[in-house]
Amino acid sequence: MKYDFKQIEKKWQEKWEAAGAFHAQDFSEKPKFYALVEFPYPSGAGMHVGHIKAYIGLEVVSRKRRMEGYNVLFPIGFDAFGLPTENYAVKTGIHPRKVTDANIKKFTQQLQRVGFSLDWSRVIDTTDEAYYKWTQWIFLKMLDHGLVFRDKALVNYCPSCKVVLSNEDSQGGKCDICHSDVVQKSKDVWYLRITEYADKLLEGLEEVDYLPNVKQQQINWIGRSTGAFVDFSITDIEEKLTVYTTRPDTLFGVTFMVMAPEHPVIDAHRNQISNMEEIVAYRAECAKKTEFERTQLNKDKTGVRIQGLSAVNPVNGKEIPIYISDYVMMGYGTGAIMAVPAHDQRDYDFAKKFGIEIIEVIQGGDISKEAYTGDGEMINSGFLNGYTNKKDSIKEAIAQLEKMGKGKAGVQYKMKDWAFNRQRYWGEPIPVIHCDKCGIVGVPYEELPLRLPEMENFAPGTEGESPLAKIASFVNCTCPKCGGKARRETDTMPQWAGSSWYFLRYMDPHNDTCLADPKKLAYWSPVDWYNGGMEHVTRHMIYSRFWHRFLYDIGVVPTKEPYAKRTAQGLILGPDGDKMSKSKGNVVDPNDVVDEYGADVLRLYVLFMGDYEKAAPWSEKSVKGCKRFLERTVGLMDLVQGRGVTPALESSFHKTVKKVTSDIEEMKFNTAIAAMMALINEIYDAGTLTVDEMKTFASLLCPFAPHISEEIWEQCGEKDLLSLSAWPTFDEAKTIDDTIEIAVQVCGKLRATIQIPREADQSAVLAAAKADSKVQAALEGKTIVKEIYVPSKIVNIVAK
RNA sequence: GCCGGAAUGGCGGAAUAGGUAGACGCCUUGGACUUAAAAUCCAAUGCGACGAAAGUCGCGUACCGGUUCGAUUCCGGUUUCCGGCACCA
């Protein structure tokens, strides 16, 4: 038999398609299995091999599960709204719709050439109005439930892209898209109240099976901390200054307070402040710095004392100064802190610079050198003196504060509300109308989808306005409530919107009366296994978990959590060991590999190159090794004779079936393939195998290299598709050898290996070990002190 | 700085409820086939020393130390690298 991969791969892809082999059945009698991979953004560059790696893991699992009798849903779609396409449209004048369609076509063709067992009847496209109708619907539901609000805020603004960016999109002070410097700008911003779901998102993690580091990253992202809100009175004014602290027990060590420069208390009491000019100047200085600069310059503390206002420590009545400094953020806690320089390094640095008193309240460090943040006995602390346990002292401090009416226990999160608008064309229009009389009014549900209007110039307006603002017919409308003249919102939703619920749409992709039929949602939910990149485990996963939990709360979806299990694949690095990127020119195109070696070789190599969860560099040489393996597999056909079992191979077959079966479930694809390679080497040594063994081998190989496996299956006389046939089984008893090899050590050093019957007892094994000539040589002239036998593993004889 | 994860031959990587380190593949070397090359097949292949050879001995899982009959695996410390968060009070 010849290995003509081009002809074989085309043949089987057509047969699978004609048979609808991979279409999921709604409401089948079989157990369901929903495998989800992160749908791609269809960029103009097409897919690279990293995409293949991201999908191939669950592709193998899905193919195996189908053979095991599951009703498998393994869908794909396209997350097609987004800036790169729009930027391309601005540059070339080609409509994003056309660009998107062309890119989707290219991605589809690439995916199909690799032979993925995806259900192509359920493809979704987030830019399809039949899809984004429901994205808008969910937004309106959130608006109805008070989870949407609008606020003027300093936002991250990219002067080059002319868009407002979320904190997540502007990390490191650089725009995620064009990498130019981000500046601060005051804007009206739409927010989703994700912070209201912080505890639910945290609790939900307890019931899901995510990789431990994925869970940990989400916990850190949400950033829950417990502590207390403490009220400080301010001299001569009524208002109190409330701070948040995780260590209320250090209150006796408070020697000053710090507010964020923009704190509203300052403006409210400007008349009492004698150095307002100095404060205004400092504010101007801070505004010039981007958030990135603010956080980078964390060594050198700057600030200004507010002259005319001072605070009173609620536990000891001491009057203390108040400063403003940009090391305190308006966006976390209350925008003001109580400073405990003896036990917080930032406060310590500030106190040293401004010559403020430092009072030690926890023993154990040397506060002449640095702040002490460890544990120890409380001192100089009135009613808290003598406490040595942090938990107890905090508890006592809160109890006392509550008694005095000066404070209460509280919780804070690092996670912020989700800025949910972009001034861009290629996104879902936010379905909201501004009415002078009625305020913000949602577009009526029956008017959805609110379509993206046609236009020709996609360049954003100046000052970060959306291109949609230029279309009068879109902007001008009537208020659905009062019927008066009104203006339509012109901002669109961020890239993350469409991907926050796409996994639900796959369950019922063509429904036009609801986002998905509740019966189908009930059948398929939740996603059994979700695989994707580590870069998406915080933003995308937390956003989508938030949307899903909201939909659960309003009775739309049947489960609290969308994803039962989450894994992540490692990157494929370029042949040079660097991250693949267009600019470095080290990108490997899957089409090139398929052309030269075939889809089965590509699939096998991506799985074999290393631990699936770790990064590994591409190696063309090693690709050839996988090709050899498939050629040797084809070559087995020449050795086939007879039926039944080849005695010399029987145990090896059972062992390999066992190993491949369990390795796939653990995503240890590399060792599964290694086991099949080892088996094939054994078969060549034996020089013969039966048709039945050949078929078993093809079945095992099918999830990895399905085209050649189907071909072999057919050549063995089978009429039905191997992809829909049964997964091989093994007999545990036949994986156990009668004769086992035991290593014999003398004083911990390996001296010999002996063959013994499995059931041999300890004395027989030790006798055999001592009878070995090499062991005897090592024991020569020594007396045996101790003999250790670990059944079926090792003998160690200790001698002096 | 904080939170995760990792470090094993020339290379990608196997093996951890403590038990023969280096499976499988790549590279390399020798041989077979061939007019020749490619492909294929067979053999060798952690490092070092001795030996004509069969072989023998020693050293080896980032580094230092510990527990143990026995440590890549467990414990303490150090270094380096990768990922995430970062003035979060």
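Each chain gets a letter, A, B and so on, in the order its sequence line appears, and its residues count up from 1. In this text the structure is predicted, and so the values were computed from the model without any measurement.
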Is [Y] paired with [X] through a side-chain N to carboxylate O contact shorter than 4.0 Å?
{"X": "A:Arg566", "Y": "A:Glu38", "value": "yes"}
{"X": "A:Lys774", "Y": "A:Asp772", "value": "no"}
{"X": "A:Lys395", "Y": "A:Asp249", "value": "no"}

What's the closest nucleotide to the side chain of [X] if the choices are [options]?
{"X": "A:Lys621", "options": "B:A23, B:A89, B:C27", "result": "B:C27"}
{"X": "A:Tyr327", "options": "B:U20, B:C87, B:G58", "result": "B:C87"}
{"X": "A:Asn681", "options": "B:U20, B:C88, B:C24", "result": "B:C24"}
{"X": "A:Ile788", "options": "B:G25, B:G19, B:C85", "result": "B:G19"}
{"X": "A:Asp326", "options": "B:G19, B:C69, B:C87", "result": "B:C87"}
{"X": "A:Gln217", "options": "B:G19, B:G83, B:U20", "result": "B:G83"}
{"X": "A:Lys301", "options": "B:U20, B:C87, B:A89", "result": "B:C87"}
{"X": "A:Asn220", "options": "B:C3, B:A23, B:C88", "result": "B:C3"}
{"X": "A:Gln745", "options": "B:C87, B:A21, B:G58", "result": "B:A21"}

Any side chain to side chain donor-acceptor pair (under 3.5 Å) involving residues 786-799 of chain A? Give me the pairs, sequence neighbours left out, ordered by first then second residue.
-> A:Lys770-A:Glu787
Euclidean distance for [atom1], [N] against [M] (whole angstrom):
{"N": "B:A7", "M": "B:U56", "atom1": "P", "value": "33 Å"}
{"N": "B:C41", "M": "B:G25", "atom1": "P", "value": "11 Å"}
{"N": "B:G66", "M": "B:G55", "atom1": "C1'", "value": "37 Å"}
{"N": "B:A14", "M": "B:G9", "atom1": "C1'", "value": "13 Å"}
{"N": "B:A23", "M": "B:U16", "atom1": "P", "value": "15 Å"}
{"N": "B:A71", "M": "B:G58", "atom1": "P", "value": "16 Å"}
{"N": "B:C81", "M": "B:C69", "atom1": "P", "value": "38 Å"}
{"N": "B:A38", "M": "B:A32", "atom1": "C1'", "value": "16 Å"}

Select base, sugar-phosphate, or nothing to describe what [X] touches, counting heavy atoms under 4.0 Å on all strands.
{"X": "A:Glu787", "result": "nothing"}
{"X": "A:Arg632", "result": "sugar-phosphate"}
{"X": "A:Val790", "result": "base"}
{"X": "A:Thr246", "result": "sugar-phosphate"}
{"X": "A:Lys774", "result": "sugar-phosphate"}
{"X": "A:Lys749", "result": "sugar-phosphate"}

Any side-chain N or O of [X] under 4.0 Å from OP1/OP2 of [N]?
{"X": "A:Arg346", "N": "B:G1", "value": "no"}
{"X": "A:Arg628", "N": "B:U40", "value": "yes"}
{"X": "A:Tyr332", "N": "B:A89", "value": "yes"}

Rounded interatomic separation in angstrom, taking [atom1] from [X] and [atom2] from [N]:
{"X": "A:Lys793", "N": "B:A21", "atom1": "NZ", "atom2": "P", "value": "14 Å"}
{"X": "A:Met330", "N": "B:A89", "atom1": "CE", "atom2": "P", "value": "16 Å"}
{"X": "A:Leu571", "N": "B:C81", "atom1": "CG", "atom2": "P", "value": "19 Å"}
{"X": "A:Leu241", "N": "B:A89", "atom1": "CG", "atom2": "C1'", "value": "13 Å"}
{"X": "A:Asp663", "N": "B:A23", "atom1": "CG", "atom2": "C1'", "value": "12 Å"}

In 5'-to-3' order, the base (B), backbone-only (S) or no-contact (-) status of each nucleotide in nucleotides 4-16 of chain B, using a 4.0 angstrom heavy-atom cut-off, is S-------BSSS-
Between [X] and [Y], does any side-chain donor sit less than 3.5 Å from a side-chain acceptor?
{"X": "A:Arg545", "Y": "A:Gln218", "answer": "yes"}
{"X": "A:Tyr327", "Y": "A:Asp349", "answer": "no"}
{"X": "A:Thr739", "Y": "A:Asp737", "answer": "no"}
{"X": "A:Asn213", "Y": "A:Gln217", "answer": "no"}

Is any side-chain N or O of A:Glu631 under 3.5 Å from a base N or O of B:U40, one able to act as donor and the other as acceptor?
-> no
Output, in order, the C-alpha distance, side-chain angles, deciding distance and verdict of ring pair (Phe, Tyr, Trp, His ring centres under 6.0 Å) for A:Phe669 and A:Phe608.
-> CA-CA 6 Å; A:Phe669 307 115; A:Phe608 184 62; over 10 Å; no
Between A:Lys301 and A:Phe350, is NZ or CZ placed under 6.0 angstrom from the six-membered ring centre and within 45° of the ring axis?
-> no
